[in-house]
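Here's the structure we're looking at; comments come further down.
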Amino acid sequence: MAIVRLRPPLRELAEGNREVIVEGGTVAEVLRELERSHPALGGWTLDERGRVRQHVAVFLGGERVDGSAPVASADRIEIIGAVSGGAETELLVGTKKGLFVLRGDRGGEMDIAARAFPGSSVEFATRDPRTGRYFASVTHGQFGPRVYLADDPTGAWEQTDGPRFPEDTDTTLVRTWVVTPGEEDGVVYAGVDPAALFESRDGGMTWELNRPLWDQPSRSEWGPGAGGLCLHSICPWPGEPDRIAVGISAVGVWITEDGGTSWEVGNAGIVPRYLPEEARSQPLGRCVHNLHRAPRMPERLFMQFHGGVYRSDDAGLTWTSIAHGLPSDFGFPMAIDPNDPDSAYVIPLNSDLDRVSAEGRLRVFETRDAGATWTGRTDGLPQTEAYLTILRQAFARDDDDPLGLWFGATSGDVFGSTDAGATWRLVARDLAPVLSVRAA
């Protein structure tokens with residue numbers, strides 16, 4: 001048995017108990033048993049993938065440990081939850097002229113802690129919460145795309161071996177759109193242009209092409225969107241490493257239930273209004289702009305489409321429109337609340353011909369009822385003559401409580417909210433055009 005000592009606010013959630021005795025195992029297993037015995041703690045110490053939350057510090061024998069640390073009988077564990085507003089926030093902002101690492105107190109001002117890859121486009125940057133390793137997808141104007149990794153984003157970056165296409169594909173990598181941690185230890189995925197899924201099993205050092213998706217018989221019918229033929233969204237299923245959904249522009253949703261050995265398309269219910277009416281029944285040609293899975297209800301996915309916002313309740317096989325109530329159903333960015341499967345956030349743009357904030361007002365629209373209704377969140381955002389463009393990967397959330405939301409515009413401005421979108425503030429200005437934002 002292990003003795004768990006709780007500090008506020010976790011103590012109050014555990015019915016005021018200062019100490020709780022639970023079964024041993026690893027730290028993560030102890031915390032899982034703690035949440036099981038005290039349901040009000042659910043989601044406070046472990047995230048949706050069963051890992052220790054970033055805002056929770058766990059001490060074993062006076063030393064801070066991660067979720068994999070073994071816990072012996074009668075060990076004493078102390079859990080300290082960060083006070084809301086007091087923890088440091090780190091944002092990774094990829095721009096057309098390098099990566100900016102922003103740091104500052106949550107809810108306060110943020111400073112530029114570092115700038116990396118000056119002069120190159122940083123398409124995407126993220127941190128793997130399992131290992132703390134950072135990834136950056138970088139495209140040099142003359143020398144093409146690379147993926148780099150680092151243990152500290154303010155220090156040196158190391159180039160990975162790939163992604164690159166095998167010689168027999170006669171294909172050259174154009175861009176790496178996204179890097180996403182998998183469910184198995186060491187597994188990381190990358191989505192690229194031309195549309196393909198790469199997999200790493202050594203934490204991102206080397207990469208291998210997923211051949212079943214690449215060798216789809218329908219590939220000759222795949223057409224690009226305005227941003228290219230890109231696999232930009234990767235949605236693992238929490239706790240089930242064989243189940244993944246990916247979004248490809250302008251092809252659609254592809255789903256695997258066997259770890260990528262086979263794939264099926266999931267486009268039923270999506271209406272591509274940009275196609276002639278007589279061509280809309282074809283199974284492909286769906287210009288998916290963004291795709292997110294609800295971790296606490298994994299069969300539910302939300303999608304921002306090229307003219308549409310959709311929800312799926314059957315793991316991506318079929319889709320229902322939830323765009324009613326939005327000023328425009330065109331846009332690219334999307335975010336979710338990982339602890340609320342009924343929540344999603346979008347930032348509507350006028351149209352595919354006028355890709356600026358809808359009606360000249362910068363608004364983040366929120367649903368808390370799975371798309372039945374939408375509420376525009378405007379407090380702190382410009383509401384007159386605001387013609388900003390927010391790109392596909394430039395909207396992020398953190399795992400704190402209250403939820404933090406962050407987005408950047410091609411104007412170089414970055415906005416943040418630490419109260420789930422109720423209020424907003426400008427956290428950085430005058431950066432290079434923003435391509436991606438992720439909370440580390």
Is the shortest side-chain N to carboxylate O distance from Arg103 to Asp105 below 4.0 Å? no
Enumerate the side chain to side chain donor-acceptor pair (under 3.5 Å) contacts for residues 238-252, please, sequence neighbours excluded, ordered by first and then second residue. Glu240-Arg243, Arg243-Glu257
Full working for side chain to side chain contact (heavy atoms under 4.5 Å, CB included) between Leu301 and Cys235: CA-CA 9 Å; Leu301 293 106; Cys235 300; 4.2 Å; yes
Supply the atom-to-atom distance Arg368 CZ to Thr375 OG1, rounded to the nearest 0.5 angstrom. 10.0 Å
Taking atom CD of Glu184 as the centre, does the number of heavy atoms from other residues, nucleotides or ligands within less than 6.0 Å exceed 12? yes
Evaluate Thr367 against Asp369 for side chain to side chain donor-acceptor pair (under 3.5 Å), listing each step before the verdict. CA-CA 6 Å; Thr367 180; Asp369 52 17; 2.9 Å; yes
Run the salt-bridge test on Arg130 and Asp185 with the 4.0 Å N-O cut-off and return the result as yes or no. no
Gap between atom CG of Leu149 and atom CZ of Phe135 - 0.5 Å precision: 5.5 Å
Distance-minimising heavy-atom pair for Tyr345 and Val364: CD2-CG1, 3.9 Å
Assess whether atom CD of Gln159 is packed by more than 12 heavy atoms of other residues, nucleotides or ligands within 6.0 Å. yes
How about Asp258 and Thr256: does a side-chain donor come under 3.5 Å of a side-chain acceptor? yes
For the pair Asp329 and Arg273, find out whether any cationic side-chain nitrogen is under 4.0 Å from an anionic carboxylate oxygen. yes
From Arg425 CZ over to Met110 CE, what is the distance, rounded to the nearest 0.5 angstrom? 7.0 Å
Can you sort out the partners of Ser68 under side chain to side chain donor-acceptor pair (under 3.5 Å), two or more places apart, ordered by chain and number? Asp66
Ring centre gap for His140 and Phe117 strictly below 6.0 Å: no
Please confirm whether the ring centroid of His292 lies under 6.0 Å from the ring centroid of Phe302. no
Any side chain to side chain donor-acceptor pair (under 3.5 Å) involving residues 188-199? Give me the pairs, sequence neighbours left out, ordered by first then second residue. Glu199-Arg201
Step-by-step side chain to side chain contact (heavy atoms under 4.5 Å, CB included) determination, Asn350 to Ser328: CA-CA 6 Å; Asn350 269 339; Ser328 166; 5.6 Å; no
Pair Arg438-Gln393, side chain to side chain donor-acceptor pair (under 3.5 Å): steps then yes or no: CA-CA 8 Å; Arg438 285 299 181 271; Gln393 304 290 12; 3.0 Å; yes
is_close_aromatic(Phe330, His306), centroid dist under 6.0 Å: yes
Within the supplied structure, the quantity of interest is the number of heavy atoms (other residues, nucleotides, ligands) at a distance under 6.0 Å from Asp202 CG; does it exceed 12? yes
Before giving the answer on side chain to side chain contact (heavy atoms under 4.5 Å, CB included), spell out for Gln216 and Trp254 the whole-Å C-alpha distance, their side-chain angles and the decisive distance to 0.1 Å. CA-CA 11 Å; Gln216 280 296 311; Trp254 288 85; 3.3 Å; yes
May I ask you to decide if the ring planes of Phe415 and Phe407 are parallel, tilted or perpendicular, using 30° and 60° as cut-offs? parallel
Please answer whether the main-chain N or O of Asn339 pairs with a side-chain N or O of Asp337 as donor and acceptor at a distance below 3.5 Å. yes
Is the closest basic N to carboxylate O distance between Arg32 and Glu29 below 4.0 Å? no
Nearest 0.5 Å please: distance from the CZ atom of Arg175 over to the CG atom of Leu231. 13.5 Å
